[in-house]
Amino acid sequence: MNGLLRLVRQHKHLLIGLALGLLALLTIVATLGDIGLTWDEPLYIKAARGYMSWLGLLRRDPTNALSDSVIVRWWVQDPTLELHPPLGKLLSGLTWAAFRTVVGDISAHRLANAGLFSLLVAMVYWLVSSAYGTPSGVFAALALLLMPRMFLHGHLSNIDTTVAITWFATVYLFWLLAAKEADRTRISVSTTPLTVLTGMAFGLALATKMNAVVLPVVWLAWLLAFDRSFRSLLRLALIGVVGVATFVALWPWLYHDTLNRLLYYFFMASRFKDRPQYYLGQTLPHVPWHYPLVMTLAVVPLIVTVLGMLGLVKVLHSRPADRVGWLLILNAALPLLVAASGIQAAYSGERHFIPAYPYLACLAGIGFGTLARTLTRSWERTRGAPLSQWARRWLWLALLLLLLPTAVTIARLHPYELSYYSEAVGGLPGATQLGLETTFWCETYRDALPYLNHNAARGASVWVENPYVLRLYQRSGLLREDLQITGGDTVSPFQADLAIVEMRQTGFAYTPEVQDLLRDRTPVYTLSRFGVPLMHILLIEGY
């Protein structure tokens, strides 16, 4: 028994991180089927299944599978709509192949990100606790898990979540490498294996989404501030070389005509930079520089923002400079600054800059520790005696209740956490009054399925902004097959029998007739949260 307790104490941080990750995994898996399909998932699911078909062919006929025509067929099924690197979709396909008979097709695709998000929660704890103590690490991990929008993203088969996770994993390994390199002054230790592993993680991030291409900017800035040595620059160069090699190796489409296809990929990615967006009460052709900053303030829980600012102040005033803290600040700032600059796409809520959000949770963890220590010192000065260890632990537990309102909000809003807005803007009702988008990703369509299945006439046509989502529901057996799904901005809703209108105000600019429908028709069904409509079903005249 004593040996077991000694083992637990020796590996306390590992076990706490694993426990927090397991908590995240169980919570997400238990609610995996609650979340409706989102805008991009039909495309990614189609791609993921194509990758699985190619892998099957690779086992049977490697020569044919590696030919250019076959690779193009299975790995670039729609180069104008879905030319993103493959890692997130590949992992989604693998969990689908392994678990679809257990949890169903859609949930099986989502298991990959559920597992990765759980690992992210654990890594947040390990990084923060190693530098700032267990209470700070626990708070940071829970703050990330209880960010309502991050919680929902952790359920989805999308690549925005995956790139946030692979970004953080790469930075975590980079920090372990930097810490190990610092130990070289005291012990003989080789950092080459960890350097290669960090490069491979960087390659995984590159193989997820283009966002990760700016990661070396963070590393270079940090090295210039804290480790200006030729050896460090060589390590950084090795990370880059291994990363690019890993990226190419993971994307068979790049096996042929590599340079031209890389150029084509960067060109295609850049075309998504400017997209209309409803923001502050008007639909703009492209968002202003402050969009990512305002949206972050609006969608990150206020307690996380406040404690994150306290953590920021703590790091800025630390002497000597806080090496870990500055790494967190740089990674929190860069995705937001890149989105604000206009270099990268920034539309549809927070999803294009969510790689910043795990670091905001980390800074909140630092702020939590600072608050706890300040309260402890204040209590001790008042009482004239130190707090006992048990009293300190009760104080930390009490302060964790600061996250309780966010947990309650998730419970009340679920499964529509993409409509979450923080207390800073007055919640969802306040955000609506400010002119922020009510929701944006089709997750509300699921709530329309019971009405359509029970009330729509046989063969009725249904208009919806994104018809691919409803068609995937049909193929999954969740929506009647006789219904004719139409929509997008090429078909007027007045040509259908029924219309599903999600309150994605940006979409109204593509299909102005929707506003006429909302003005002139009384919905037969409305989905609301906190008194704000998220989705309507409307009957078209003559149906």
Side-chain angles (χ1 to χ4, degrees), residues 38-40 84 143-144 147-153 158-168 171 205 208-215 217-218 221 269-302 304-306 308-309 311-312 328-364 417-426 428 430-432 434-441 504-506:
T38 53
W39 191 287
D40 291 336
H84 285 298
L144 176 66
M147 283 187 194
R149 295 205 179 199
M150 285 299 295
F151 179 73
L152 186 134
H153 282 294
N158 71 8
I159 61 174
D160 303 299
T161 310
T162 317
V163 76
I165 296 162
T166 52
W167 181 310
F168 193 92
V171 171
T208 305
K209 201 175 182 184
M210 188 181 285
N211 304 50
V213 76
V214 299
L215 259 173
V217 175
V218 171
S270 67
R271 80 185 182 93
F272 289 101
K273 186 171 64 174
D274 289 325
R275 280 287 188 272
Q277 176 62 46
Y278 180 79
Y279 178 59
L280 299 180
Q282 53 185 326
T283 301
L284 305 173
H286 53 82
V287 296
W289 65 268
H290 46 78
Y291 176 79
L293 307 179
V294 172
M295 286 303 299
T296 296
L297 177 65
V299 305
V300 173
L302 184 59
V304 177
T305 300
V306 170
M309 294 302 295
L312 174 66
L328 298 175
I329 289 172
L330 290 170
N331 279 282
L334 185 61
L336 297 173
L337 293 176
V338 170
S341 72
I343 297 173
Q344 176 206 305
Y347 58 89
S348 292
E350 70 291 335
R351 65 191 189 90
H352 289 106
F353 38 87
I354 61 170
Y357 289 10
Y359 300 98
L360 299 181
C362 290
L363 290 171
E417 288 90 343
L418 288 183
S419 294
Y420 170 82
Y421 284 97
S422 78
E423 303 88 339
V425 295
L428 177 57
T432 303
L434 286 172
L436 300 178
E437 198 158 51
T438 305
T439 189
F440 63 88
W441 233 10
R504 187 182 91 94
Q505 287 87 350
T506 299

I'd like to know if the side chain of [X] reaches the main chain of [Y], judged simply by a donor and an acceptor atom lying under 3.5 Å from each other, with no hydrogens or angles considered.
| X | Y | answer |
| --- | --- | --- |
| T38 | W441 | no |
| E423 | L302 | yes |
| N211 | F353 | no |
| Y291 | G349 | yes |

(Q) The criterion is side chain to side chain donor-acceptor pair (under 3.5 Å); which residues satisfy it with Y359, sequence neighbours excluded? (A)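 Scan of Y359 (side chain to side chain donor-acceptor pair (under 3.5 Å), adjacent residues dropped) gives none.
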
Q) Which residues satisfy the side chain to side chain donor-acceptor pair (under 3.5 Å) test with T438, sequence neighbours excluded? A) Q505

Q: Determine the minimum heavy-atom distance between P292 and A340, stating which atoms define it.
A: CG-N, 3.6 Å

Q) At their closest point, which heavy atom of W167 faces which heavy atom of P355, and how far apart are they? A) CE3-CB, 3.8 Å

Can you tell me how far apart [atom1] ([X]) and [atom2] ([Y]) are? Round to the nearest 0.5 Å.
| X | Y | atom1 | atom2 | answer |
| --- | --- | --- | --- | --- |
| M147 | Y420 | CE | OH | 9.5 Å |
| L312 | T305 | CG | OG1 | 12.0 Å |
| T161 | I354 | OG1 | CD1 | 4.5 Å |

(Q) Show me the pairs that pass salt bridge (Lys or Arg N to Asp or Glu O under 4.0 Å) and involve residues 328-357, at least two apart or across chains. (A) D40-R351, R149-E350, D160-R351

Q) E437 pairs by side chain to side chain donor-acceptor pair (under 3.5 Å) with which of T432, T506, T283? A)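 Exactly one candidate clears the test, T506.
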
